[in-house]
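The figures that follow rest on heavy atoms only: side chains count, while hydrogens, waters and symmetry mates do not. Chain identifiers are assigned alphabetically (A, B, ...) following the order of the sequence lines, protein sequences preceding nucleic acid strands; residue numbering begins at 1 within each chain.
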Number of protein chains: 2
Amino acid sequence: MTRKATALDVARRAGVSRSAVSLVLNGRGDGNVAKDSQERILAAAAELNYTPNAIARSLRDQRSRVIGLVSDQAVTSPFDGEIIAGADAVARSRGFVTLATDTEQDALRDLDAVRTLLDRQVDGLIYVTVGLHELHVPQGMLAVPAALANCYASPDSPPGASALPSIQPDEVTGGHDAAAHLIGLGHRRIAFLGGEYSSPAVALREAGFRAAMAEAGLPVREDWVLEAGWDIAPGHAAATALLSAPAGERPTALLGGNDRAAVGMVLAAARLGLDVPRDVSVMGYDDEQRVASVMVPALSTVALPLRRIGEEAMRAVLGALDGGGPARGPLLIPCELTPRYSTGPAPAV
Amino acid sequence: MTRKATALDVARRAGVSRSAVSLVLNGRGDGNVAKDSQERILAAAAELNYTPNAIARSLRDQRSRVIGLVSDQAVTSPFDGEIIAGADAVARSRGFVTLATDTEQDALRDLDAVRTLLDRQVDGLIYVTVGLHELHVPQGMLAVPAALANCYASPDSPPGASALPSIQPDEVTGGHDAAAHLIGLGHRRIAFLGGEYSSPAVALREAGFRAAMAEAGLPVREDWVLEAGWDIAPGHAAATALLSAPAGERPTALLGGNDRAAVGMVLAAARLGLDVPRDVSVMGYDDEQRVASVMVPALSTVALPLRRIGEEAMRAVLGALDGGGPARGPLLIPCELTPRYSTGPAPAV
DNA sequence: TTGAAAGCGTTACCAC
DNA sequence: GTGGTAACGCTTTCAA
């Protein structure tokens with residue numbers, strides 16, 4: 001725990017000035033510093049285990065190389081996590097670091113969080129939300145290059161907020177592809193058991209579902225389009241109700257709001273003595289880590305491009321920082337259809 | 001995006017010197033600065049929306065009020081997330097901020113991560129791992145007050161590493177309490193289907209399980225103590241094998257390695273036409289967010305005290321920073337028995 | 001009660 | 001080719 005070596009220590013040891021140390025260590029020694037001085041400097045730096053103090057450098061450069069992340073639920077949810085991981089990876093590859101603060105669902109706290117981050121002189125900001133969300137953009141976000149990951153500015157946001165780059169999953173296409181997958185397997189009686197319409201994603205996916213049905217010339221049974229929640233228990237309940245009908249009258253395929261609800265649907269089918277996917281196909285949504293792929297049977301689903309959302313948000317911010325004019329407005333990232341073993345050909349009946 | 005106001009701007013506007021501004025804003029105005037000057041300063045600060053530049057302050061104070069978190073898998077896993085959330089909450093309540101970097105499973109990268117964090121002049125460090133782990137402590141961690149969350153120093157760590165505070169779940173007691181819960185429900189034929197012995201947690205929980213059985217005078221069937229993995233599929237497989245035996249010869253209760261494996265066990269029971277918990281009880285471990293509590297039936301489990309582990313690790317570091325001599329060595333945090341509906345009285349047979 | 005000055009560690013500029 | 005100096009924004013000490 002001895003004090004860290006400074007450039008001055010290195011200079012002294014090498015018998016040169018601090019400026020020389022700075023030049024050499026930043027790769028601009030050639031043409032400015034004598035060869036043997038350079039060697040002495042490098043040697044001294046290595047011996048003292050010297051690395052520049054990033055804080056001092058930040059102050060001097062007026063840029064911290066830190067991007068602030070504000071998240072409404074970063075840590076307790078595996079979703080934000082993926083977004084943050086993507087953002088962090090891109091940042092790191094460009095010599096930046098991310099400073100994440102979690103408001104733990106307390107929407108008021110984001111003002112504070114942004115302020116703290118700004119005080120720390122972050123060079124840019126990204127707001128990350130768990131589910132696709134409308135967001136009242138906190139004022140301070142417009143003070144530096146910023147982006148919205150998995151959310152978009154609400155109309156009552158401060159002026160200018162609507163021009164922020166907003167990276168979102170392409171939910172319409174996702175819903176469409178999920179339905180098209182089932183239709184391709186011969187299903188005609190498909191139920192859309194979305195999560196909760198309080199999330200804008202559900203209506204978008206429903207629109208995609210309806211488009212796919214229309215393309216195939218299939219009718220949509222309106223009593224099979226319903227809210228079945230985001231959790232195992234409500235998914236279980238909704239599926240039980242639907243699947244209790246006799247074979248010819250029940251859906252042959254269930255489109256769940258997310259993977260956990262789909263797990264509930266698979267459990268419900270098992271309870272009713274129905275085999276998945278022989279008697280009924282079940283699709284999830286999200287491709288949630290640690291759930292979808294390890295389920296029995298492994299869940300067919302639509303993968304949310306969370307990591308890419310994080311990456312693109314960071315690219316937008318870093319791009320603006322590099323002087324490339326700021327990216328503007330929404331950017332839709334495709335969701336990837338991920339068929340596994342919970343979907344199969346429609347039963348004969 | 002206009003430049004932020006500095007203390008000098010405030011001073012000019014209030015017609016005083018920078019020192020006065022600093023004194024007043026740090027609450028030491030009384031007795032040093034005239035009342036009306038104080039008011040003018042406060043007013044000017046508010047008008048200019050002034051807050052001190054944390055970077056400059058860090059440089060000046062030689063302390064950044066940042067604690068670095070190194071995690072082997074912070075973000076993609078819901079586990080590290082809880083630990084980080086706990087650590088972050090404690091840090092924030094004390095005016096600190098956390099800077100998290102994820103090595104994304106690349107053990108070599110932690111050296112780099114620590115170095116980056118140290119370059120940023122973090123005041124302390126915490127290493128966070130997903131599962132209870134032996135850890136080769138990276139050299140640099142000893143340069144500042146540090147703690148290990150959910151891990152402990154391996155023998156080949158640098159000297160001094162073994163004295164680091166190490167916050168761990170009390171797995172032995174956790175395993176004991178899980179078994180005791182089942183025994184209390186009248187079960188005598190209990191299978192211990194641990195995860196993988198590559199995790200030190202499994203042997204500890206097994207020890208607790210054996211202790212509880214011994215206390216109750218119950219024999220342990222050695223062929224019912226086995227590795228059943230961490231995922232739904234292997235849990236499913238292991239339970240299927242065990243539960244296929246006739247009623248009198250199969251276990252009446254299954255102790256799973258974690259919640260996901262337990263989900264597989266519940267699925268296996270359902271497949272075999274067994275009701276949980278009437279015919280067989282199933283316990284998980286971890287109390288994993290978004291899995292255990294929403295399962296059908298809701299899973300009885302043992303809750304890992306992840307949030308508290310994060311909190312205690314942060315307290316240890318902050319305590320050392322406050323001059324309180326550093327905490328030393330391991331600290332075991334109790335795991336909480338969390339009975340729900342997947343366990344019930346032992347069947348009559 | 002106030003203001004001037006030093007210093008934290010860095011880098012860029014400018015004399016030498 | 002080299003080294004001194006200023007500046008980033010802050011806090012603290014010291015002198016007026």
Side-chain angles (χ1 to χ4, degrees), chain A residues 2-42 44-45 48-66 95 116 118-123, chain B residues 2-42 44-45 48-66 95 116 118-123:
Chain A
T2 70
R3 284 247 290 77
K4 257 196 73 177
T6 77
L8 184 56
D9 298 325
V10 176
R12 274 207 264 265
R13 191 181 186 96
V16 298
S17 75
R18 289 183 303 204
S19 341
V21 173
S22 175
L23 284 173
V24 170
L25 262 37
N26 288 307
R28 290 183 300 132
D30 287 347
N32 291 311
V33 178
K35 270 273 172 285
D36 62 328
S37 290
Q38 294 200 33
E39 281 170 25
R40 282 204 317 280
I41 289 170
L42 257 12
L48 294 174
N49 216 324
Y50 169 78
T51 47
N53 178 325
I55 296 249
R57 203 206 288 251
S58 297
L59 183 60
R60 155 80 217 195
D61 293 350
Q62 297 292 83
R63 53 159 7 185
S64 59
R65 300 199 147 257
V66 176
T116 302
L118 253 14
D119 286 350
R120 300 249 169 204
Q121 310 297 115
V122 294
D123 293 338
Chain B
T2 70
R3 283 245 292 74
K4 256 196 76 177
T6 75
L8 184 56
D9 298 324
V10 176
R12 275 208 264 264
R13 189 180 189 97
V16 298
S17 75
R18 290 183 302 202
S19 347
V21 173
S22 176
L23 285 173
V24 171
L25 263 36
N26 288 307
R28 291 186 300 133
D30 288 346
N32 290 312
V33 179
K35 267 275 172 282
D36 61 328
S37 290
Q38 293 200 32
E39 281 169 26
R40 285 204 314 283
I41 289 170
L42 257 13
L48 293 173
N49 215 324
Y50 169 78
T51 46
N53 178 327
I55 296 251
R57 200 205 290 250
S58 298
L59 184 58
R60 154 80 216 201
D61 294 350
Q62 296 293 86
R63 58 172 347 199
S64 59
R65 300 199 146 257
V66 176
T116 302
L118 253 13
D119 287 350
R120 300 250 169 202
Q121 310 297 117
V122 294
D123 292 338

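Taking side-chain N and O atoms only, B:Gln62 has a distance below 4.0 Å to OP1 or OP2 of C:dG9. One finds no side-chain N or O of A:Gln121 lying less than 4.0 angstrom from the OP1 or OP2 phosphate oxygen of D:dG9.
In this structure, the side chains of A:Arg13 and A:Leu48 come closer than 4.5 Å at one or more pairs of heavy atoms.
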Begin with the C-alpha distance, continue with both residues' side-chain angles, and end with the deciding distance and a verdict on side chain to side chain contact (heavy atoms under 4.5 Å, CB included) for B:Thr6 and B:Asn53.
-> CA-CA 8 Å; B:Thr6 75; B:Asn53 178 327; over 6 Å; no

I would like to know whether B:Val16 and B:Arg40 meet side chain to side chain contact (heavy atoms under 4.5 Å, CB included); could you show each step before the answer?
-> CA-CA 9 Å; B:Val16 298; B:Arg40 285 204 314 283; 3.8 Å; yes

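Residue B:Ala7 is classed as a sugar-phosphate contact, given heavy-atom separations below 4.0 Å to backbone atoms only.
In this structure, B:Asp9 places its CG atom 13 Å from C1' of D:dC10, rounding to the nearest Å. Separating the CG atom of A:Leu59 from the C1' atom of C:dC8 is a distance of 9 Å, rounded to the nearest angstrom. Remark: C1' of C:dT10 and NZ of A:Lys4 are 12 Å apart, rounded to the nearest angstrom. With rounding to whole Å, B:Asp61 atom CG is found 13 Å from C:dC8 atom P.
Electrostatic pairing of B:Asp119 and A:Lys4 counts as a salt bridge here, judged by a charged N lying under 4.0 Å from a carboxylate O.
A distance of 11.5 Å separates CG in A:Asn26 from CG in A:Asn32, rounded to the nearest 0.5 Å.
Contacts between residues 26-39 of chain B and DNA chain D, counted as heavy-atom distances below 4.0 Å, involve B:Asn26, B:Arg28.
Mapping A:Thr51 and A:Leu23 onto DNA chain C via the closest heavy atom, the residue that lands nearer the 5' end is A:Thr51. DNA chain C is contacted by both A:Ser22 and B:Ser17; B:Ser17 maps to the nucleotide lying nearer its 5′ end (nearest heavy atom per residue).
Heavy-atom minimum distance, B:Gln121 versus B:Ser64: O-OG, 2.6 Å.
Comparing C:dA4, D:dC10, D:dT5 by their closest approach to the side chain of B:Arg57 singles out D:dC10. Nearest nucleotide to the B:Arg18 side chain, out of C:dT11, D:dT11, D:dT13: D:dT11.
Formation of a donor-acceptor pair under 3.5 Å by the B:Gln38 side chain with backbone atoms of B:Val33 is found in this model.
Interface remark: the A:Arg60 side chain does not form any donor-acceptor pair with the C:dT10 base, using a distance-only criterion of under 3.5 Å.
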